[in-house]
Amino acid sequence: MHERSIAELIAARATGEFSAAELTAHYLDRIARFDDGLNSLITRTDEAARDRAAALDDGVGAALSGIPVLQKDIFCTRGVRTSCASRMLDNFIAPYDAGVVERLDEAGMVMLGKTNMDEFAMGSSSENSFYGPVRNPWNAAHVPGGSSGGSAAAVAAGLAPAATGTDTGGSIRQPAALCGVTGIKPTYGRVSRYGMIAFASSLDQGGCFARSAEDCAHVLGAMAGFDERDSTSVEREVPDYAGQLDGDVSGLTIGLPTQYFADGLEAESRDVLDAAIATYEKLGARVVEIDMPHTDLAVSTYYVIAPAEASSNLARFDGVRYGHRCADPVDLEDLYTRSRAEGFGAEVQRRIMIGAYVLSAGYYDAYYLKAQKTRRLIADDFHKAFAEVDLIAAPVTQAPAFAIGEKADDPVAMYLNDVYTLPASLAGVPGMSVPAGFSNGLPVGLQLIAPWFAEGRLLNAAHAYQQVTDWHTRRPPGFE
Ligand code: GLN
């Protein structure tokens, strides 16, 4: 069953080939068999999943009735621990469901558990987790990427047909690339942030992972839509993404930004991307080179804005209202400082310090305000590019998955890893990673970026590619 696409699973469910209970049991069995070696889940919800699948088998089916899904542990799930991979929230049982969780529930999906990630979604490797690092199913000594590494690894290993993720600066696209699955980060505002634990609110965007663009289209269609509980949610109709896929890219103009194909991109990954772009040309797309002159400002801009927003968002974790509280505080200050020092890991503390610094009265203009201005320049690059092209094609990462521990002691090396994913996040445009080949036996992703709210075009372009290639169907050895 885990070999089938979501469309095939929906069809098989409709003909009664198997029940939701059987499908759920199959995936729970794979989780039990494989997850110990991957550490892709923080919390398993086997019993609730079985009960829900059985109930769905008794009722009338919604669009995705009985299709299993994993939720990144950043989404609040009522009655289920929602840890954000932090010791701070290790004891937090969310009292309500996130908007995304509600919607996928309404669509009939069955949650199998909550996936591992970088603490508070800060990271590019899924090593910054209170629950230990996630492993890449293609090579267990390597990282799966981050921060949504548990979701990407689980989908790659066939532990679920789909999983949710969040992308603030690349956390869907980058792990999708490094694990060889398809992932989409929609336009900022497309998917509700209600109940999605905040990292950097002006950048955070929910999205999903699945094996193919078509499967992503099914899940995104169910996740997306206006939510009045999220003040930046956009009231705009959600197209029938899956229904509109026709795999036709003839006549599309695809831009290749010079700055993304410059030094730093590994030669083998470059060959993979060149072949993918040649495939688009064969399919009738026109490929042109474009200039995005402010690309190299993205890393410094992001690593001012994201920590600034994080330091403000994370102020709520103070040991008083919920979350970790230190033992025997002597006074209020001791309660705050020890609870936060014990509850947050090193990377989260680093971000809080940077954020508090760049927002402080003496440095606000020099850093935070400046970063807001350079953010605008980066967004302008996209405005100009999309006046000429329909889509942008680019690498997701400079190289395939690095080894666990390789960059753990060098935060700057880790940050530089995000160079190709940050610009789209800063501009708020939708982006995808599509499996495009291998380098040294590890997956390489092609990044596709579309204008604001053109998720349908993005998914269709990825679908066209997947109609004539089979990279997205490859399985890591041992997980067949
Ligand atoms: N790697 C980036 C960071 O560490 C992006 C993470 C994300 O998208 N959540 O902040």
Side-chain angles (χ1 to χ4, degrees), residues 72-75 84-86 115-129 133-134 143-152 163-179 183-188 191 193 196-209 298-314 344-355 358 371 375 396-398 401-402 406-408 410-433 445 447 449:
K72 184 178 182 181
D73 207 18
I74 197 168
F75 289 103
C84 231
S86 181
T115 59
N116 203 354
M117 53 182 279
D118 283 304
E119 184 179 2
F120 285 103
M122 298 176 190
S124 314
S125 66
S126 297
E127 291 168 284
N128 303 332
S129 167
V134 183
V143 303
S147 68
S148 314
S151 290
T164 58
T166 60
D167 191 311
T168 302
S171 282
I172 292 176
R173 289 161 286 157
Q174 191 249 23
L178 302 192
C179 289
I184 180 162
K185 172 202 102 76
T187 310
Y188 180 77
V191 166
R193 288 187 298 113
M196 189 175 105
I197 296 172
F199 161 15
S201 307
S202 76
L203 295 153
D204 297 342
Q205 177 55 214
C208 60
F209 298 90
V299 175
S300 39
T301 301
Y302 174 89
Y303 280 99
V304 169
I305 292 176
E309 293 185 20
S311 74
S312 161
N313 274 324
L314 269 55
F344 292 137
E347 182 59 25
V348 176
Q349 294 190 24
R350 186 177 297 126
R351 305 270 180 125
I352 291 171
M353 286 190 278
I354 297 171
V358 300
R375 181 177 188 173
V396 182
T397 58
Q398 290 127 315
F402 49 90
E406 192 180 318
K407 298 188 183 180
D410 187 351
V412 175
M414 193 69 96
Y415 299 168
L416 287 171
N417 203 57
D418 304 335
V419 56
Y420 302 135
T421 52
L422 297 175
S425 293
L426 289 162
V429 291
M432 271 187 95
S433 178
Q447 183 172 201
I449 302 170

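Whatever order the structure lists ligands and atoms in, that order sets their numbers, starting from 1.
- In terms of modelled atom types and a separation under 3.5 Å, the side chain of Gln205 and the main chain of Val191 share a donor-acceptor contact.
- Some N or O of Gly170 is nearer than 3.5 Å to an N or O of ligand 1, by distance alone.
- Counting the atoms of ligand 1 from 1 in the order shown, those under 4.0 Å from a heavy atom of Ser171 are 5 (C), 6 (C), 7 (C), 8 (O), 9 (N).
- Under a 3.5 Å cut-off, the side chain of Ser148 and the backbone N or O of Ser171 do form a donor-acceptor pair.
- The protein non-hydrogen atom at the shortest distance from atom 2 (C) of ligand 1 is Asp418 OD2, 3.1 Å.
- Within ligand 1, counting atoms from 1 as listed, the ones closer than 4.0 Å to a heavy atom of Ala121 are 6 (C), 7 (C), 9 (N).
- For the side chain to side chain contact (heavy atoms under 4.5 Å, CB included) criterion with Met414, the lone passing option out of Glu347, Glu127, Met122, Glu406 is Glu127.
- Using bins of under 30°, 30° to 60° and over 60° for the plane-to-plane angle, the ring pair Phe199/Tyr302 lands in the perpendicular bin.
- With a 4.0 Å heavy-atom cut-off, ligand 1 is reached by no atom of Tyr415.
- One option in Arg351, Met414, Lys72 has a heavy atom closer to atom 4 (O) of ligand 1 than any other, and that option is Arg351.
- Each of the following atoms of ligand 1 lies closer than 4.0 Å to a heavy atom of Gly169: 5 (C), 7 (C), 8 (O).
- Gln174 does not count as a contact of ligand 1, since none of its heavy atoms falls under 4.0 Å from the ligand.
- Contact detail for Phe209 and Pro175: the closest heavy-atom pair is CZ-CG, 4.1 Å.
- Residue contacts with ligand 1, taken as heavy atom pairs separated by less than 4.0 Å, do not involve Lys185 at all.
- Side chain of Arg375 to main chain of Leu426: a donor-acceptor pair is present (N/O by atom type, distance under 3.5 Å, no hydrogens or angles).
- Heavy-atom minimum distance, Gln447 versus Tyr420: NE2-O, 2.9 Å.
- Considering all non-hydrogen atoms of both residues, Gly145 and Gln174 come closest at CA-OE1, 3.2 Å.
- With a 4.0 Å heavy-atom cut-off, ligand 1 is reached by the backbone of Thr168 and by its side chain too.
- Short contacts between ligand 1 and Ser147, defined as distances under 4.0 Å to a heavy atom of the residue, involve ligand atoms 9 (N).
- Atom 5 (C) of ligand 1 has its closest protein heavy atom at Tyr302 OH, 3.3 Å.
- In the vicinity of Phe199, heavy-atom distances shorter than 4.0 Å reach the ligand 1 atoms 9 (N), 10 (O).
- Only the side chain of Tyr303 comes within 4.0 Å of ligand 1, counting heavy atoms alone; its backbone N, CA, C and O stay farther away.
- The two atoms that bring Ala401 and Val143 nearest to each other are CB-O, 3.2 Å, heavy atoms only.
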